[in-house]
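Worksheet: one structure, shown below.
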Number of protein chains: 2
Amino acid sequence: MMVRRGGDVTDAAPPSLLYSVKQVELATRARLDELLRPSGVTALQYTALTVLERRDGMSSAELARNSFVTPQSMSDLVGALERRGLIARSPDPASRRRHVISLTDEGRELLALHAPAVQHLEDEMLTGFTARERAVFRDLLNRARAALG
Amino acid sequence: MMVRRGGDVTDAAPPSLLYSVKQVELATRARLDELLRPSGVTALQYTALTVLERRDGMSSAELARNSFVTPQSMSDLVGALERRGLIARSPDPASRRRHVISLTDEGRELLALHAPAVQHLEDEMLTGFTARERAVFRDLLNRARAALG
DNA sequence: TCTGATACTCAGGATTCCTGATGATTGAGG
DNA sequence: CCTCAATCATCAGGAATCCTGAGTATCAGA
């Protein structure tokens with residue numbers, strides 16, 4: 001077993017990039033949960049709404065794959081959003097087993113209501129970043145995501 | 001309400017950086033859970049072990065703050081790790097209400113056992129990254145984390 | 001037509017994480 | 001010295017999340 005001299009933190013290897021990613025996500029999720037608490041939607045539900053905002057008409061199964069959860073779990077989440085009137089499901093004319101999901105006006109209102117605070121949170125995360133660094137950060141994150149399948 | 005022309009994805013605004021961070025974390029956590037399943041520890045438990053590997057002697061409350069969960073939740077997690085013999089708690093000589101947590105040899109063995117696969121996962125995430133880009137990625141992540149308090 | 005894969009859902013249970021409450025300890029201020 | 005607020009840890013109970021397993025309907029291809 002390796003002997004460590006006096007527990008000096010600077011002795012240790014730097015944290016892995018996997019860990020750094022997790023830390024940033026944990027910090028943002030904590031802030032996002034707090035921010036969304038009054039509205040009664042969780043960070044995960046809000047995320048699903050933002051996905052639908054960008055890609056309207058996704059199915060529950062597609063959302064599940066996008067969020068790395070089982071179709072059953074996403075069915076629960078989607079059911080909750082539907083009961084709250086934030087989304088609506090309708091049969092897909094192209095395939096009778098699929099149900100396409102759309103934001104309702106109420107869902108869009110909820111997104112619009114919180115957009116400024118969420119943008120502020122993102123700006124806070126990027127404090128001290130130049131515009132160039134923001135672009136680089138976006139590029140690196142997207143490439144990391146793509147590399148993981 | 002805004003009218004969208006034909007659902008063209010390229011019409012949409014790019015996803016927020018908050019979302020991109022979440023996507024990378026979701027992808028890595030899914031892979032990490034799968035990777036760790038045989039060992040019976042969750043990704044969160046494994047993460048706590050790696051934190052202790054770098055900073056031995058933390059208290060449960062410190063770990064909780066580090067992971068953005070309540071002290072009660074961390075107490076559950078720490079209790080599970082202790083029952084499995086991966087960590088040991090001992091009273092802090094400097095303060096009788098604190099318990100310092102240390103990895104056991106068994107805990108260190110578990111980390112060593114999975115280190116190669118975890119490193120491989122990180123390498124996979126960084127596919128196509130130059131050494132320079134990896135350093136930049138690390139710097140940006142650390143600054144983002146620091147900016148969030 | 002038959003077969004395998006996919007989409008969705010229900011039922012049940014395991015896990016995780018929370019709120020609330022309790023006890024012990026500490027340090028600051030009167 | 002003596003409150004008293006703050007901190008550490010933990011127990012109890014419950015809410016939320018996510019899973020496995022099972023079942024139905026639909027689709028696509030051999």
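Reckoned from all heavy atoms, side chains included, excluding hydrogens, waters and symmetry mates.
B:Phe68 does not carry A:Arg31 over the face of its six-membered ring by the limits of under 6.0 Å from the centre and within 45° of the normal.
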Run the side chain to side chain contact (heavy atoms under 4.5 Å, CB included) check on A:Leu26 and B:Glu25 step by step: do they pass? CA-CA 9 Å; A:Leu26 282 172; B:Glu25 202 278 332; over 6 Å; no

Verdict with supporting geometry, A:Ser73 and A:Thr70, side chain to side chain donor-acceptor pair (under 3.5 Å): CA-CA 5 Å; A:Ser73 298; A:Thr70 61; 3.0 Å; yes

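Side chain of A:Ser67 to main chain of A:Leu63: a donor-acceptor pair is present (N/O by atom type, distance under 3.5 Å, no hydrogens or angles). Using a distance-only test at 3.5 Å, with no hydrogens or angles considered, no donor-acceptor pair links the side chain of B:Ser102 to the main chain of B:Ala88.
Contact annotation: B:Thr70 does not reach the phosphate of C:dC17 (side-chain N/O to OP1 or OP2, under 4.0 Å).
Taking a cutoff of 4.0 Å between a charged side-chain nitrogen and a carboxylate oxygen, B:Arg134 and B:Asp123 qualify as a salt bridge.
Partners of B:Glu82 according to the salt bridge (charged side-chain N to carboxylate O under 4.0 Å, His left out) rule, which considers only residues two or more places apart in sequence or in another chain, are B:Arg89.
The outermost nucleotides of DNA chain D lying under 4.0 Å from heavy atoms of chain B, listed 5' to 3', are D:dA6 to D:dC11.
Under the 30°/60° scheme for interplanar angles, the aromatic rings of B:Phe137 and B:Phe129 are found to be tilted.
A:Arg37 has its CZ atom 11 Å from the C1' atom of C:dT19, to the nearest Å. Look at CZ on B:Arg96: it is 19 Å from P on C:dG23, rounded to the nearest Å. Rounding to whole angstrom units, CG of residue B:Asp92 and P of C:dG27 are separated by 11 Å.
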With the sugar-phosphate defined as primed atoms, P, OP1 and OP2, and the base as all remaining atoms, what B/S/- string results for nucleotides 2-13 of chain C, 5' to 3', for protein heavy atoms under 4.0 Å? ---BBSSBB---

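Looking at heavy-atom distances under 4.0 Å, B:Leu77 makes no contact with the nucleic acid at all.
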